[in-house]
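Since the structure comes first, as structure tokens, the remarks are kept for the end.
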There are 2 protein chains.
Amino acid sequence: MANIKEIARIAGVSVTTVSRVLNNHPYVSKDKRTAVLETIEQLNYTRNMNAVHLITGRTGAVAVILPFINSFYFSVVMDGLAQAALAAQYRLILCQTNYVPEEELKVLDMLRNKEIDGVIIVSTALNPEVIEPYTIYGPVVTCQNSGERQFSSVYIEHYAAFRHGLEYLYSKGHRRIGYCEGRQNGSSASIRQNAFQDFLAEKGLPFDPEWMIFDCIREEDGAEVARRLLDKPDRSGRPEAMMISGDHVAAGLIIEARKHGLKIPEDLAVMGFDNQPIGRLLGITTIDNQLHQMGEAAFGIIHEHINGSSLPVTRKLEYRIIERSTV
Amino acid sequence: MANIKEIARIAGVSVTTVSRVLNNHPYVSKDKRTAVLETIEQLNYTRNMNAVHLITGRTGAVAVILPFINSFYFSVVMDGLAQAALAAQYRLILCQTNYVPEEELKVLDMLRNKEIDGVIIVSTALNPEVIEPYTIYGPVVTCQNSGERQFSSVYIEHYAAFRHGLEYLYSKGHRRIGYCEGRQNGSSASIRQNAFQDFLAEKGLPFDPEWMIFDCIREEDGAEVARRLLDKPDRSGRPEAMMISGDHVAAGLIIEARKHGLKIPEDLAVMGFDNQPIGRLLGITTIDNQLHQMGEAAFGIIHEHINGSSLPVTRKLEYRIIERSTV
DNA sequence: ATATTTTATGAAATGGATTCCATAGCAAGC
DNA sequence: GCTTGCTATGGAATCCATTTCATAAAATAT
């Protein structure tokens with residue numbers, strides 16, 4: 001109802017003065033300031049932020065693109081983002097896109113439309129070259145390695161991390177190694193797959209396509225893998241060790257395998273990924289990849305971009321193996 | 001750069017006509033329409049949504065208040081919300097508040113400021129009477145039962161659901177029943193606590209304050225509870241059954257208890273809550289409380305409110321016991 | 001006493017779209 | 001031949017706050 005003009009009229013000052021009071025600018029006399037504040041109080045006035053956004057060209061909001069929030073990986077990254085955004089007094093628009101490219105493009109269009117100040121892409125179905133042109137409208141930060149681009153990124157070196165895990169299995173004497181992955185396509189998944197295949201090739205280890213299993217998303221998928229491996233009557237037809245991206249999937253596999261009397265790690269070694277609480281509980285040896293820090297860093301970078309720094313940044317995060325008892 | 005005025009000038013029409021084209025209004029001749037569309041294409045024009053928000057008084061965005069996203073409960077509800085919002089072409093602003101009242105009030109102020117069209121409160125530290133006055137600025141929906149209020153809510157009947165679980169334990173012959181809860185305060189937690197105490201009193205069952213354990217948030221807390229219970233040398237000093245709000249906590253307890261040689265459910269029956277994937281994996285008997293549907297319903301209600309329906313709605317969701325093998 | 005800086009204030013332009021209201025041509029109805 | 005209704009179009013008001021520019025008084029410096 002009430003607007004700045006009315007406040008000005010009633011307080012007997014100009015709209016400029018009201019705006020100054022609102023924004024804590026100096027050069028407002030004490031009496032006028034109190035007059036304005038009193039009128040604001042009386043009329044229960046607050047500014048219409050849409051008008052502010054229009055004139056300032058800023059909204060104090062950043063969009064976050066991810067496929068779904070209901071997964072350990074994304075909810076931890078999101079928590080890191082949200083924590084940082086809260087501290088910086090920024091708003092996050094959660095754009096859960098289900099990996100639908102059109103939806104993701106709509107979000108990038110929000111940047112053109114000036115609805116948001118920046119976009120953080122946690123995971124996307126879009127190719128980097130599709131994203132790049134949007135950077136002229138505002139800062140974009142990805143949480144995936146997207147090569148040499150005009151936008152910033154924060155990521156863990158999946159290739160190195162995964163190889164490191166494989167080296168660890170190797171050092172423990174394991175030679176027949178299998179591998180479970182989530183979605184087969186997807187940038188980090190294919191990087192991990194390369195790491196896996198390169199490693200086997202370099203070490204001259206046996207490669208059995210049946211030991212490379214995709215679409216392991218949920219706990220139950222891990223259990224299913226256990227059943228499938230146990231189906232093999234011949235023990236030598238089974239891997240000795242499994243590298244599994246996602247501790248929850250590893251947990252499913254372990255619990256199911258134990259049900260069938262398998263000893264972990266004696267009969268089957270299991271190496272997880274993501275350092276999830278369930279992994280800690282079950283004593284799963286895993287690779288911590290600092291998801292929370294990734295979120296924090298991604299927000300930090302976009303925040304800097306919004307406040308002027310225009311050069312793209314590439315930040316690699318550390319990973320480390322957490323030795324527990326499943327290898 | 002380019003605005004509607006410039007498009008109008010170059011296309012040789014009025015701004016009104018451009019606006020009509022933009023909004024698919026009828027009464028625009030074919031040639032003018034194409035002229036406008038071509039000019040838009042040429043100048044790579046998109047509208048400034050902040051101007052649209054200002055004049056229309058709508059933003060197409062809804063804020064979601066919750067303490068943290070990184071937990072099963074909240075991420076599932078959020079997923080439900082996000083799914084519904086995507087379908088309705090709405091944006092969700094994730095306001096992770098850490099249960100800090102000032103932050104929550106800031107979000108409600110966004111409603112006053114017209115930055116958002118509505119607020120969905122998944123969980124809050126604020127009392128309903130503090131929230132109520134904000135409903136004059138726009139629709140508010142809570143995911144907690146907040147009594148007779150001027151705003152809508154969607155919730156499961158925690159009291160009934162919890163009692164139902166207790167009845168189930170009772171029907172299986174358990175008499176010495178313990179209870180694990182997350183935060184001690186918090187509306188649904190205290191409702192559950194009442195249900196627990198009322199039930200014991202009515203059935204004349206033994207109540208030991210040591211069997212009522214709070215601050216069980218994480219898996220590890222459940223493991224800690226197991227250790228504490230096992231410390232009791234005397235078996236009759238231990239409960240026969242535990243009612244645990246949160247399957248992940250139940251999982252922690254079960255895994256730790258089994259490590260110490262306890263048989264579940266023979267030595268200790270465990271009933272979970274929330275129907276989480278980990279519960280399914282471990283065969284935990286639990287209560288499903290339709291969290292995803294809660295999110296969907298909450299969005300549905302706020303969407304209806306935004307589109308006119310002003311009467312507050314109260315929607316109760318069904319719950320059901322999922323019988324597995326820990327009771 | 002004069003020149004300069006600091007403080008205080010407001011008018012008007014700006015950001016960019018939507019929509020009410022007015023006007024007019026043209027077709028159909030009686 | 002006259003009224004009513006539909007299609008098409010534009011002018012101007014509206015939404016509301018920020019900021020530049022101009023002006024003037026007061027305070028400080030020379």
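Just so it is clear: chains get the letters A, B, ... in the order the sequence lines come, proteins before strands, and each one is counted from 1. Values below: all heavy atoms of this structure, side chains included; hydrogens, waters and symmetry mates excluded.
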Whether over 12 other heavy atoms sit under 6.0 Å from Glu148(A) CD: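 Atom CD in Glu148(A) is not crowded, with 12 or fewer foreign heavy atoms closer than 6.0 Å.
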For Glu318(B), does the CD atom have more than 12 heavy-atom neighbours from other residues, nucleotides or ligands under 6.0 Å away?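 Atom CD in Glu318(B) is not packed in, count stays at 12 or less.
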Please report, rounded to the nearest Å, how far the [atom2] atom of [N] is from the [atom1] atom of [X].
X	N	atom1	atom2	value
Asn48(A)	dT18(D)	CG	P	10 Å
Asn3(A)	dC16(D)	CG	C1'	6 Å
Lys5(A)	dA12(C)	NZ	P	12 Å
His53(A)	dA17(C)	NE2	P	17 Å
Asn23(A)	dT9(C)	CG	P	16 Å
Leu54(A)	dT14(C)	CG	C1'	9 Å
Ile7(B)	dT18(C)	CD1	P	13 Å
Met49(B)	dC15(D)	CE	C1'	15 Å

Name the nucleic acid region contacted by Asn50(B), choosing base, sugar-phosphate or nothing; use a 4.0 angstrom heavy-atom cut-off, strictly under. nothing
Roughly how far, to the nearest 0.5 Å, is the CZ atom of Arg58(A) from the CD1 atom of Ile306(A)?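 That separation rounds to 7.0 Å.
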Phosphate OP1/OP2 of dA17(C): any Ser19(B) side-chain N/O under 4.0 Å: no
Under-3.5 Å N/O pairs linking protein and nucleotides 4-14 of chain D:
unit_1: dT7(D); atom_1: OP2; unit_2: Tyr27(B); atom_2: OH; d: 2.4
unit_1: dT9(D); atom_1: OP1; unit_2: Ser29(B); atom_2: OG; d: 2.8
unit_1: dT9(D); atom_1: OP2; unit_2: Ser29(B); atom_2: N; d: 2.6
unit_1: dT9(D); atom_1: OP2; unit_2: Ser29(B); atom_2: OG; d: 3.0
unit_1: dT9(D); atom_1: O3'; unit_2: Lys32(B); atom_2: NZ; d: 3.4
unit_1: dT9(D); atom_1: O4; unit_2: Arg20(B); atom_2: NH2; d: 3.4
unit_1: dG10(D); atom_1: OP1; unit_2: Lys32(B); atom_2: NZ; d: 3.3
unit_1: dG10(D); atom_1: OP2; unit_2: Ser14(B); atom_2: N; d: 3.0
unit_1: dG10(D); atom_1: OP2; unit_2: Ser14(B); atom_2: OG; d: 3.2
unit_1: dG10(D); atom_1: OP2; unit_2: Thr17(B); atom_2: OG1; d: 2.6
unit_1: dG10(D); atom_1: O6; unit_2: Arg20(B); atom_2: NH2; d: 2.9
unit_1: dG11(D); atom_1: N7; unit_2: Thr16(B); atom_2: OG1; d: 3.4
unit_1: dG11(D); atom_1: O6; unit_2: Thr16(B); atom_2: OG1; d: 2.9

Within the 3.5 Å criterion, strictly below it, is a donor on Ser310(B) or His305(B) matched to an acceptor on the partner's side chain?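 No, His305(B) and Ser310(B) have no side-chain donor paired with an acceptor closer than 3.5 Å.
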Pairing donors with acceptors under 3.5 angstrom, does anything connect the side chains of Ser14(B) and Thr17(B)? yes
Take Leu81(A) and Val64(A) through the test side-chain contact (heavy atoms from CB on, under 4.5 Å) and record every step on the way to the result. CA-CA 9 Å; Leu81(A) 286 168; Val64(A) 179; 3.8 Å; yes
